[in-house]
Amino acid sequence: MTQLNINKVKFLEKQLKKLEPTFAKGGKLEKLHYVYDALATFAFTPATTTSRGAHIRDGVDLKRTMFIVVLALIPALIFGMFNTGHWHFVAESGNWNLPYWDNVLDKFIYGAIKVLPMIVVSYGVGLGVEFIFCNIKGHPIHEGFLVSGMLIPLVMPVEVPLWMVAVATAFAVLIGKEVFGGTGMNIVNIALTARAFLFFAYPTKMSGDTVWMGGQEADGFSGATFLGDAQSLLSDSPAVNGVDGIMAKYSFMDSFMGMIPGSIGETSALACLIGAVLLIATGVGSLRIMLSFVIGGLAFGALFNAIGVNDYMNVPAYMHLVVGGFAFGAVFMATDPVTAAQTAHGKIWYGFFGGGIAILIRVLNPAYPEGVMLSILFMNIMAPLIDHYVIQANINRRLKRLKVA
Amino acid sequence: MSEVAEKVKAPAEPLFSKKNRKLVSDPLSDNNPITIQVLGICSALAITVQVEQAVVMSAAVFFVLALGNVVISLLRNLIPGRIRIIVQLVVVASLVIIVNQVLMAFLPDVSAKLSVFVGLIITNCIIMGRFEAFAMGNKPWPSFMDAVGNATGYAIILIIVAVVRELLGSGSLYGIPILGSPIPVEGYPNGTGLFDMGYMNNNLMVLPPMALIVVGIIIWIQRSRNKNLIESH
Amino acid sequence: MKVNKDNTGYIFLFTFLLIGVVAVILSILATSLAPQISKNNETKKQMDLLQSIGIESTRANAKELFQKYIGSNPSYVINNRGEVVEGNAFEIDIRTQHRDKSISEDAKKYPLFIANKDGQTLYIVPVVGKGLWGPIWGYVSLKDDKRTIYGVSYDHLGETPGLGAEIKQKFFTDRYLAETVADENLNYMPIKIVKDGSGAQPQKVDGITGGTITSKGVEEMVNRTMEIYLNYLKTI
Amino acid sequence: MQETLSIFVKGIFSENMIFAYFLGMCSYLAVSKTVKTAVGLGAAVIFVLGITVPINYLLENYVLKEGALAWLGEGYADINLSFLSFIMFIAVIASMVQLVEMLVEKFAPALYGALGIFLPLIAVNCAILGGALFMQDRQYTSIGDATAFGIGSGIGWFLAIVAIAAIREKIKYSHVPAPLRGLGITFIITGLMGMAFMSFMGIEY
């Protein structure tokens with residue numbers, strides 16, 4: 001936590017202290033008290049201490065947890081910006097095999113120009129809704145949105161209009177979170193709600209060939225993703241030549257590195273892996289869920305390989321792990337501590353079926369190319385039920401032990 | 001005995017007495033069948049994609065409920081208690097068959113869109129609920145007023161939901177384009193009106209989940225304005 | 001008079017009377033409305049047929065227009081080998097024919113309507129297939145060279161609004177105009193639905209963005225049906 | 001066989017009674033406060049749908065449909081009783097529920113203890129009549145398909161009510177805004193669940 005101490009600039013602290021009475025009870029801006037509170041405690045550890053009730057003492061508080069997750073997202077974000085820029089230049093030149101590591105700075109700047117406004121909109125709208133809500137309802141502002149606000153742009157295709165990002169963020173914060181009472185109370189992941197909302201509301205802007213590459217200009221240039229191309233295997237006129245054709249177009253290594261078109265933050269399995277290491281090392285993310293998610297995906301992938309009725313089923317199981325949003329979902333979405341299963345056993349089932357259903361939707365559902373987001377959403381819904389039965393089983397086991405004894 | 005009863009009998013109530021008016025006005029908001037009594041949701045939500053369907057559905061429910069309430073009320077002293085549920089079911093089912101046949105004959109296009117949901121009026125809990133709770137114990141005229149109130153309360157919610165969903169989901173109201181047309185024409189590749197400016201229809205509005213969320217928000221607004229309606233849990 | 005309402009005899013009497021009254025009312029209603037209902041279904045079919053030859057009609061004038069363009073010409077029923085068989089083309093329900101597995105392929109009946117518009121003979125072929133959520137169907141009309149598409153009308157039961165459901169719209173059906181289903185010798189040639197924007201080329205039609213499955217369903221149903229009908233069209 | 005299986009799976013997921021058609025919402029909202037009661041009601045719905053859909057299928061195909069009475073003789077082939085289907089279906093459902101209740105009480109008292117109080121609720125559950133009407137609308141071609149549809153949509157209904165009951169148990173500890181408590185939040189959760197279930201729509205089984 002030492003890095004945060006850098007923030008402890010005395011001047012800022014003094015200024016905040018000076019402003020405090022304005023927001024205190026009876027002050028001029030009393031109504032905005034919670035906004036002040038949120039900003040002040042974001043910068044400094046609050047001076048108040050808890051006065052009653054049982055507490056677990058732990059150095060990690062919510063704000064620090066959120067900060068670590070955002071930190072873990074940085075590699076994916078940086079790489080995402082660069083990758084977006086790359087595919088923009090590919091689309092412009094019409095040359096699929098444009099050298100990847102040329103003009104690095106140009107690509108990065110182009111990507112940043114595309115991506116930063118989305119982040120600004122996502123944070124602006126999300127925090128705006130939250131601030132308004134907290135002031136009406138009179139409850140303190142939580143920091144939960146710090147992570148969601150970063151996740152939302154990262155799971156979007158680059159060409160999605162900003163107003164759609166705004167609408168989706170507002171919907172997700174309001175219906176996904178505020179109606180349940182704010183941070184920590186929601187049952188579905190906020191960022192996934194935003195993405196699912198856009199996906200169902202504006203499908204043409206969320207899938208298809210024209211949304212993955214920034215400022216597509218070349219006429220008739222198909223900017224499909226791996227999943228988009230693989231989807232065409234389900235019909236009798238695939239865009240590329242069978243499974244082999246797809247594997248040649250997107251090699252495993254390229255996909256692992258993230259050098260393929262896709263949503264901004266999700267293409268690079270490597271960047272997600274770096275994030276995962278950080279999350280696991282700090283104990284913020286659940287290793288149990290990540291592992292069982294990957295195993296579930298591999299198991300279902302292998303199962304479909306064995307069945308192999310249509311071409312899509314023959315896509316190698318390991319390939320599923322590095323394309324689309326699988327890695328991103330496993331590391332950042334499925335592990336959301338609020339919406340995942342809470343029990344140790346429950347987490348294993350939750351992860352396994354989350355990964356498995358993701359592959360199932362990809363391979364069997366021609367309507368939705370990307371299954372990961374929907375499968376995690378589905379498991380969010382099922383998590384309380386899983387927990388319920390895990391707890392019931394525990395109770396029963398203990399009762400039995402009691403009887404034997 | 002009878003003489004005494006004659007004397008105590010209150011003067012004939014006017015048709016639109018305060019009590020009768022209350023029968024109509026109560027279910028409109030404070031005792032709304034959908035948002036408060038939680039009845040009749042089954043068939044209500046699926047057909048609210050377009051205003052036209054919602055209007056026809058409301059009219060059908062109004063017809064079945066009003067006539068049914070009156071019939072049950074007229075028969076209330078004749079119906080054997082042991083089979084009263086069956087009798088009520090028979091009355092509803094017959095009335096619904098009439099509605100369905102009439103719709104098929106005179107409004108075939110709407111009838112096709114409503115598909116099985118006309119038949120499901122039979123199990124619309126509002127109707128059986130009103131029969132059992134009101135018509136079995138009251139005279140025909142109050143029963144009719146009660147039906148008017150409940151059917152209107154049902155219609156209001158249905159039509160509000162349908163307006164929201166059709167406007168945001170299809171950009172039109174009652175089939176008339178309001179926000180422009182999303183169909184590309186010469187010179188306007190994205191459609192006309194708002195669509196030309198980059199606006200798009202929200203497909204989620206047309207899909208089932210959104211109907212539930214819209215009703216949830218209506219309940220939220222309604223109960224925020226009237227705190228008495230808030231549930232403890 | 002006080003009646004014992006829980007008396008078994010009374011219950012029977014009441015039930016009997018109730019059922020009697022209900023039965024009478026419903027039967028009268030059903031019999032009096034039945035002709036109107038079957039007329040409605042007929043009208044709908046006539047309107048769809050008319051639409052496929054480019055004539056917009058309303059429920060009011062459908063019958064008259066149908067008589068003028070289609071009804072006055074002969075219609076045929078053929079089997080999958082292209083032979084004419086017995087039957088009334090208008091009364092065949094192609095959706096039942098398509099999905100009922102108890103009818104063998106050889107016994108399936110395919111209706112063919114002939115229209116006369118502006119002095120030109122048009123051949124109207126009903127098509128039926130499978131969309132994303134449920135059945136899709138429609139009519140395709142061919143010019144008098146028996147291979148060039150003159151017009152189409154499609155309909156569906158529950159395709160996604162804004163995506164698959166767009167197959168009904170004019171902008172999509174217009175993409176089929178002037179495509180050919182066969183070469184000069186009436187040898188079958190499929191029409192492909194493409195999604196890369198190259199639909200302007202012959203034998204290619206642009207699909208609906210985001211409605212790939214429904215578009216593929218349309219492709220499949222038109223091609224499958226045309227192959228069968230060409231067996232017959234070759235012979236006349 | 002494959003088709004039957006597909007009808008069964010569709011009934012559970014993509015054509016889920018609750019999330020796709022809102023059927024049986026009244027009891028779904030009223031009896032989903034705890035998982036235990038939800039399981040009881042859900043099981044009763046599977047049971048009754050599994051029985052009434054095939055019976056109504058026979059009724060539809062051998063009595064009501066146009067030409068269905070042809071087995072009685074030539075003269076009956078033209079009769080079309082389909083306008084009576086609503087009243088016949090509801091009568092079958094009401095009497096079957098009654099019959100099942102009596103049989104279960106007599107021969108399986110343990111089961112009756114679990115399902116008993118829910119059975120009367122079911123006669124007016126839209127999901128049951130909805131099952132019969134969808135069966136009629138979709139014209140299933142065999143009694144096996146009809147049964148698969150009945151049981152499948154029963155299981156779908158079961159899954160929905162049990163899942164929401166677990167969620168409602170969980171959100172007891174949330175600070176749901178007061179006006180939304182109870183009914184309002186349940187509607188919104190169901191909407192979100194509907195979005196999640198839509199992931200299965202369009203799967204080709």
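Reminder, nothing fancy here: chain letters follow the sequence lines and each chain counts from 1.
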Approximate separation, where rounding is to 0.5 Å, of D/C126 SG and B/I122 CD1: 11.0 Å
Inter-residue atom distance D/T190.OG1 - B/L212.CG, 0.5 Å rounding: 5.5 Å
Heavy-atom closest contact ([X] atom, [Y] atom, distance):
X      : Y      : result
B/R223 : D/R181 : NH1-O, 3.8 Å
B/P208 : D/A20  : CG-O, 3.7 Å
B/L89  : D/A94  : CD1-CB, 4.1 Å
D/G191 : B/P209 : O-CB, 3.2 Å

Under 4.5 Å from a heavy atom of chain D, the part of B/L204 involved: side chain
Exceeds 12 heavy-atom contacts within 6.0 angstrom, atom CE of D/M88: no
Does any backbone or side-chain atom of [X] lie under 4.5 Å from a heavy atom of chain B? Answer side chain, backbone, both or neither.
X      : result
D/F134 : both
D/L129 : both
D/F86  : both

Greatest number of heavy atom pairs closer than 4.5 Å to chain D - which of B/V90, B/V92, B/I213, B/I86: B/I213
Greatest number of heavy atom pairs closer than 4.5 Å to chain D - which of B/S94, B/A93, B/G119: B/G119
